[in-house]
Amino acid sequence: MTKIATWNVNSLNVRLEHVIDWVKIHNPDILCLQETKQTNDKFSHEAFDSIGYKSYHNGQKTYNGVAIISNKELQNVGSDIPGFSDPQKRIIHGLYPSRSLGLIHVVSAYVPNGQSLDSEKFKYKVSWLEAFNTWVKSSYGKSDHHILTGDFNIAPRDIDCHDPEAWKGNILVSQIERDLFDAIIDIGFDDSFRVLNKDIQKFSWWDYRMAGFRRNLGMRIDHILTSHSLKENLTTAYIDEDPRKLERPSDHTPVITEFR
DNA sequence: ATGGCGACGCAACGTCGA
């Protein structure tokens with residue numbers, strides 16, 4: 001069994017203890033992190049070494065930053081979308097050598113937020129996702145399996161939003177973003193949570209404001225997309241709400257998928 | 001729901017996130 005998880009930690013400076021505690025309890029094979037908000041020299045490889053994990057980080061000050069924590073050494077680690085020049089640190093990826101499944105290409109992605117549909121940041125989100133799609137399409141099939149994880153900042157369907165009527169015309173739920181998400185799926189991926197939980201409404205993020213978590217005003221915007229090659233191997237997919245209940249939590253919580 | 005939170009940089013409060 002292989003367990004892979006993704007978690008937007010909203011600053012690893014603040015959340016390192018939560019992450020280490022979570023890894024010790026859940027023992028994932030791979031944990032992908034987003035929004036580390038720290039430069040590579042601040043990233044504590046030692047903290048992960050001490051619990052038996054390799055760690056790979058692509059970060060910057062204040063914003064963005066992504067990492068992969070792995071119980072096996074990754075091969076061919078990269079930290080960009082080839083051909084897409086971007087000063088924002090939103091990608092880290094590598095090959096995970098699975099004993100029984102071969103090489104799994106694992107991506108930890110922090111997709112731009114977009115701010116609002118009429119903003120320059122939304123144009124950046126669209127062009128970023130188009131470049132991401134082109135890259136994923138060109139690399140598809142070059143490894144035995146592919147897993148795209150991260151904070152996609154897209155709620156794929158109305159069921160993934162606590163109040164689709166109130167959010168209509170907003171970022172995270174717009175048809176433009178959902179079409180871009182579906183275009184990635186169409187390359188040959190499954191939304192592993194949705195495949196294994198057909199009609200269940202679960203969220204991975206809740207606004208800090210308005211007592212969002214207590215009132216369950218959430219969205220499912222963090223995803224683990226698995227290549228069709230893994231579809232028959234998928235066993236379990238779930239969202240662990242417990243870290244969101246801790247003191248000083250991230251506004252996101254871990255999303256987990258397991259496969260044989 | 002359009003805030004009301006929280007992280008950050010920096011030492012007051014503006015910017016950003018989703």
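Lettering of chains follows the sequences in order, A, B, ..., and the numbering in each one begins at 1.
Considering only side-chain atoms of A:Tyr63, the nucleotide from B:dG6, B:dC16, B:dC8 that sits closest is B:dC16.
Between the CG atom of A:Leu217 and the C1' atom of B:dT2 there is a distance of 13 Å, rounded to whole Å. Here B:dT2 presents its C1' atom at 11 Å from NE2 of A:His162, a figure rounded to the nearest Å. Atom CD1 of A:Ile171 is separated from atom P of B:dC16 by 13 Å (rounded to the nearest Å). Spacing between atom CD of A:Gln115 and atom C1' of B:dG14 amounts to 14 Å, rounded to whole angstrom units. The distance from atom CZ of A:Arg90 to atom P of B:dC16 is 13 Å, rounded to the nearest whole Å. Atom CD in A:Gln88 sits about 11 Å away from atom P in B:dC16, given to the nearest Å. A straight line from CG of A:Asn10 to P of B:dC8 spans 7 Å, rounded to a whole angstrom. Rounded to an integer number of Å, the gap from CZ of A:Arg209 to P of B:dG6 is 11 Å.
For A:Phe48 and A:Phe43, the ring centers are positioned less than 6.0 Å apart.
Contacts of A:Arg215 with the nucleic acid, taken as non-hydrogen atoms under 4.0 Å apart, are absent. Looking at heavy-atom distances under 4.0 Å, A:Glu35 makes contact with sugar-phosphate atoms alone, never a base. Among the protein residues, A:Lys125 comes within range of no part of the nucleic acid, since none of its heavy atoms lies under 4.0 Å from any strand. When heavy atoms are screened at a 4.0 angstrom cut-off, A:Asn8 is found touching the sugar-phosphate backbone but no base atom. Within 4.0 Å of A:Phe213, counting heavy atoms only, lies no atom of the nucleic acid at all. At a threshold of 4.0 angstrom between heavy atoms, the contacts of A:Ile221 are confined to the sugar-phosphate backbone, with no base atom among them.
Residues forming a side-chain hydrogen bond (donor to acceptor under 3.5 Å, both in side chains) with A:Asp242 (at least two apart in sequence, or on another chain): A:Lys245. Not counting sequence neighbours, the partners of A:Tyr140 by the ring pair (Phe, Tyr, Trp, His ring centres under 6.0 Å) test are A:His146, A:Phe189.
A 4.5 Å side-chain heavy-atom check between A:Tyr238 and A:Glu258 finds at least one atom pair inside the cut-off.
If you chain together hydrophobic residues whose side chains sit under 4.5 Å apart, A:Leu74 and A:Ile224 fall into the same group.
Judged by closest nucleotide on DNA chain B, A:Lys61 is the one of A:Asn64 and A:Lys61 placed further toward the 5' end. Ranked by how close their nearest DNA chain B nucleotide is to the 5' end, A:Arg248 and A:Asn170 are led by A:Asn170.
Residue A:Thr62 has no polar side-chain atom (N or O) positioned under 4.0 Å from OP1 or OP2 of B:dA7. At the phosphate of B:dG6, neither OP1 nor OP2 sits under 4.0 Å from any side-chain N or O atom of A:Lys37.
B:dC13 and B:dG4 have their P atoms separated by 15 Å, given to the nearest Å.
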